[in-house]
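What follows is a set of notes on a single structure, which appears directly below.
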Amino acid sequence: MPELPEVETIRRTLARHLPGRRIDGLEVRLPKLLRPEPRTFREKVLHRIFGEPRRQGKILILPLDGLALLVHFRLTGQLVFLDTCSPEPPHTHLLFFLDEARLAYADLRQFGWLEVIEEKELVSHPVLSSLGPEPFSLSAEEFHQRLCRHRRGLKALLLDQRFLAGLGNIYVDESLFRAALHPERPANTLSPEEASNLLHVIREVLCRAIETGGSSVRNYVDGEGREGSFQLEHLVYGRRGEPCPRCGSHIVYKRVASRGTYFCPRCQKG
DNA sequence: GACAACCTGACC
DNA sequence: GGTCAGGTTGTC
């Protein structure tokens, strides 16, 4: 589920509640989500106090004085702060007890994971250190140069977290539509202007998605259990057969890079 | 590159 | 019954 805007929204909403709270207890219902194994995990996090949440790509980083709790939501993970009386979400697999409050990790498909590491291991962590730059942290020139090194299609490349960190299926389709670029267009065929424009629309889409609290297509909610509304501004994602907002042709659905892909065959030239 | 694997649930 | 799903990883 969560791509960069959703994880960023979760980060921001949790930042209102977590910093300064201590973990007093832990209830593990699905051990396979934890690294290291639950015994060590519990030993490490117990009695620690949360710091200011951070994010790298789609990974949420929760500092815990000296430690870091990494959370990857994959497709259906949720991390929700619960007041005394709020009910826990369905498919809750892990509960942190924080004084009167709780923090629930729920995950319908059970693909997500939580890992505790030492803060000093952050720089060398295999997942984090393999991430490419974020769309906000590289120049148009650098982006164009990186694109030129690959002959893969744009969709496949933009989904690759080693190339660029944070985009997923929704935001790649929405960005390519807005940039009028075909998802199968070889990356090394973009002109400097096309590359610069693509980076520009990626940033616009991500910023607007963050402003609107992310896309709640299926079951995404933020750290307070609330849905986002960027799905109302999707121009192609999930709109198979509907008229293209730019030219009126039918939006096509096709498997590209093994992912369901929505695009306008007329506006988005290959 | 394509595909299966990891899971549960919604929808046709 | 089959297909699809905001992701990633490992296999041919």
Side-chain angles (χ1 to χ4, degrees), chain A residues 1-11 29-35 55-60 70-79 89-94 105-115 125-132 135 150-177 183-188 202 205-206 208-210 212-223 226-241 251-262:
Chain A
M1 59 119 133
E3 306 180 30
L4 187 153
E6 288 76 29
V7 181
E8 177 60 20
T9 305
I10 294 169
R11 186 194 72 73
R29 301 176 190 164
L30 193 64
K32 69 169 181 180
L33 301 182
L34 303 187
R35 305 178 200 160
R55 179 192 60 73
Q56 216 180 307
K58 301 173 188 173
I59 313 253
L60 182 70
L70 308 183
V71 186
H72 199 308
F73 300 96
R74 291 287 183 97
L75 285 159
T76 53
Q78 305 175 330
L79 200 52
H91 308 101
T92 294
H93 304 308
L94 182 65
Y105 179 79
D107 194 341
L108 187 151
R109 294 180 71 180
Q110 309 177 8
F111 292 163
W113 49 262
L114 299 92
E115 177 172 13
H125 190 275
V127 177
L128 293 177
S129 57
S130 69
L131 291 178
H150 303 270
R151 70 181 107 190
R152 303 166 72 187
L154 287 173
K155 170 104 183 194
L157 195 59
L158 294 177
L159 283 174
D160 189 336
Q161 302 299 298
R162 293 167 305 184
F163 178 75
L164 195 66
L167 293 186
N169 209 30
I170 291 180
Y171 296 105
V172 168
D173 283 7
E174 290 297 318
S175 300
L176 289 176
F177 172 75
E184 293 173 299
R185 171 90 172 264
N188 58 7
I202 287 171
V205 164
L206 295 179
R208 179 63 189 153
I210 291 168
T212 54
S215 299
S216 290
V217 171
R218 243 165 302 278
N219 52 28
Y220 159 73
V221 292
D222 66 21
R226 285 194 254 277
E227 297 191 341
S229 60
F230 191 70
Q231 69 279 6
L232 303 176
E233 299 179 33
H234 291 175
L235 299 180
V236 287
Y237 186 84
R239 299 191 177 279
R240 180 195 327 219
I251 303 289
V252 163
Y253 174 84
K254 182 188 174 190
R255 231 152 241 289
V256 177
S258 300
R259 306 296 301 276
T261 300
Y262 301 88

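As a basis for the values below, the full set of heavy atoms in this structure was taken, side chains included, without hydrogen atoms, waters or symmetry mates. Residue numbers begin at 1 in each chain, while the letters A, B, ... track the order of the sequences.
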Rounded to whole Å, how long is the line connecting atom CZ of Arg109(A) with atom C1' of dC4(C)? 9 Å
Geometric cation-pi criterion Arg240(A) and Tyr253(A), 6.0 Å radius, 45° cone: yes
Are OP1 or OP2 of dA5(C) and a side-chain N or O of Tyr253(A) less than 4.0 angstrom apart? yes
For dA5(B) and dG1(C), measure between their C1' atoms and round to the nearest Å. 22 Å
Re dT8(B): Watson-Crick or G-U wobble partner, both distances kept under 3.5 Å, found to be dA5(C)
Interatomic distance where CG belongs to Leu33(A) and P belongs to dG7(C) [whole Å]: 18 Å
Would you say whether Phe111(A) stacks on dC6(B)? The test is a distance between ring centres of less than 5.5 Å and an angle between planes of less than 30°. yes
Length of the line joining Trp113(A):CH2 and dC7(B):P, which is rounded to integer Å: 17 Å
Taking Arg109(A)'s backbone N and O only, do any of them form a donor-acceptor pair with Thr76(A)'s side chain (distance below 3.5 Å, no angle check)? yes
Taking atom C1' of dG9(B) as reference, at what distance in whole Å does atom CD of Gln78(A) sit? 14 Å
Whether His91(A) contacts dG9(B) is assessed here as follows: a side-chain N or O lying under 4.0 Å from the phosphate OP1 or OP2. Is that the case? yes
Leu75(A) atom CG is separated from dG7(C) atom C1', nearest whole Å, by 5 Å
How many Å lie between OH on Tyr237(A) and P on dC4(C), as a whole number? 12 Å
Under 4.0 Å, counting only non-hydrogen atoms across every strand here, what does Arg255(A) touch: a base, just sugar-phosphate, or nothing? sugar-phosphate
Under 30°, 30 to 60°, or over 60°: which ring-plane class applies to Tyr237(A) and His234(A), parallel, tilted or perpendicular? perpendicular
Roughly how many Å apart are dC7(B) and dG10(C), using the P atom of each and rounding to a whole number? 16 Å
Expected output: side-chain Gln161(A) to main-chain Val127(A) donor-acceptor under 3.5 Å: no
Find every protein N or O atom lying less than 3.5 Å from an N or O atom of nucleotides 8-12 of chain C, and list the pairs.
residue : atom : partner  : partner atom : Å
dT8(C)  : OP1  : His72(A) : NE2          : 3.1
dT8(C)  : OP2  : Lys58(A) : NZ           : 3.0

Between Trp113(A) and His72(A), how do the two ring planes meet: parallel, tilted or perpendicular, split at 30° and 60°? tilted
Taking dA5(C) as the reference, what is the distance to dG1(B) when you measure between their C1' atoms (whole Å, please)? 22 Å
With heavy atoms under 4.0 Å as the rule, sort Gly260(A) into base, sugar-phosphate or nothing. sugar-phosphate
Where the side chain of Glu115(A) meets the backbone of Arg35(A), is there a donor-acceptor pair that is under 3.5 Å apart? no
Tyr171(A) vs Glu6(A), test: side-chain hydrogen bond (donor to acceptor under 3.5 Å, both in side chains). Steps then yes/no. CA-CA 11 Å; Tyr171(A) 296 105; Glu6(A) 288 76 29; 2.6 Å; yes
Atom pair distance, as rounded to whole Å: CG in Asp107(A) and C1' in dC6(B): 11 Å
Gln110(A) atom CD is separated from dG7(C) atom C1', nearest whole Å, by 15 Å
